[in-house]
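Reviewing the structure listed below.
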Amino acid sequence: MEETSSTQAPEQQAQEWNGAVEALLPSTPAAAAWPHLASFCALHRYLSGVDVCERVAGEDGQPGCVRYVASHPAPAGEEGQEQLQVKWAHEELLELDDAARTLSYAVVGGNMGFGRYVATMTVAEETEAAGCRIVWEFECEPVQGWSRDGLVGYLDHAVKGMAARIEEAATADES
């Protein structure tokens with residue numbers, strides 16, 4: 001019997017990636033943060049790098065709603081460098097539960113290398129502090145052009161930026 005060895009990286013061999021990232025909002029109660037995260041078609045207000053977030057199907061906040069999210073390309077650089085392509089995705093809201101402060105969505109199209117991708121975002125009360133925490137869980141097929149660690153790093157940076165922007169918006173709401 002002949003032995004074979006795989007030349008693929010371990011994360012490419014896996015049929016599924018999953019994980020979670022989270023960020024603390026130290027001075028914002030969950031009840032004040034949730035409306036910002038629950039506004040499915042307002043992602044561009046809270047996620048750095050998302051320049052456009054528009055509803056393209058369904059009713060905002062209702063399962064079946066589909067949003068179009070996109071990032072504008074960087075301008076062309078030095079001579080010989082091409083302008084980068086707009087990165088975009090269609091994301092469908094699968095579930096929104098105000099009582100549990102959780103929403104789930106799936107990427108259903110786009111040009112960012114995603115096959116199957118489902119995420120759940122939750123705003124959880126902090127038990128030992130005054131604020132809350134955003135938890136972003138995901139499960140997906142390996143993403144073209146990414147390593148699992150690269151995806152986790154991107155999501156970790158993204159959730160921390162979202163937390164800061166939501167905390168700022170919630171503070172402004174109080175004024």
Next item on the list: To the nearest 0.5 Å, tell me how far Ser71 OG sits from Met112 CE.
Entry: 6.5 Å
Margin query: Run the side-chain contact (heavy atoms from CB on, under 4.5 Å) test on Asn111 and Lys87 for me, step by step, so that the C-alpha distance in whole Å, both residues' side-chain angles and the decisive distance to 0.1 Å come before the verdict.
Written below: CA-CA 6 Å; Asn111 69 352; Lys87 295 291 187 184; 4.1 Å; yes
Margin query: Using 0.5 Å steps for rounding, measure from the NE2 atom of His36 to the CD atom of Glu167.
Written below: 10.5 Å
Next item on the list: Take the angle between the ring planes of Tyr105 and Tyr117 and call it parallel below 30°, perpendicular above 60°, tilted in between.
Entry: tilted
Notebook entry, point to check: Would Leu93 and Arg67 satisfy side-chain contact (heavy atoms from CB on, under 4.5 Å), going step by step from the backbone distance to the final call?
Noted result: CA-CA 8 Å; Leu93 182 61; Arg67 66 185 177 194; over 6 Å; no
Margin query: Using every non-hydrogen atom in the two residues, find where Cys65 and Cys41 come nearest and quote the distance to one decimal.
Written below: SG-SG, 3.9 Å
Note to self: Apply side-chain contact (heavy atoms from CB on, under 4.5 Å) to residues Val152 and Trp17 and explain how you reach the verdict.
What the structure shows: CA-CA 10 Å; Val152 170; Trp17 296 346; over 6 Å; no
Note to self: Contact between Val21 and Phe138 at the side-chain level, heavy atoms closer than 4.5 Å - yes or no?
What the structure shows: no
Checklist line | Transitive ILVMFWY side-chain link Leu94 to Met121, under 4.5 Å | finding: no
Next item on the list: Quick one: pull up CG in Leu96 and CG in Asp60 and give me the separation to the nearest 0.5 Å.
Entry: 9.0 Å
Next item on the list: Could you give me the CA-CA distance, side-chain angles and deciding distance for Glu54 and His44, then say whether side-chain contact (heavy atoms from CB on, under 4.5 Å) is met?
Entry: CA-CA 9 Å; Glu54 299 173 344; His44 61 295; over 6 Å; no
Item checked: Residue from Thr122, Thr28, Thr102, Asp98 passing side-chain hydrogen bond (donor to acceptor under 3.5 Å, both in side chains) with Trp34 -> Asp98
Notebook entry, point to check: Can you check whether Arg45 reaches Cys53 side chain to side chain, under 4.5 Å on heavy atoms?
Noted result: no
Margin query: How long is the straight-line distance from CE of Met162 back to CG of Leu43, given to the nearest 0.5 Å?
Written below: 5.5 Å
Margin query: Minimum heavy-atom separation for Leu103 and Ala38, please, with both atom names.
Written below: CD2-CA, 4.1 Å
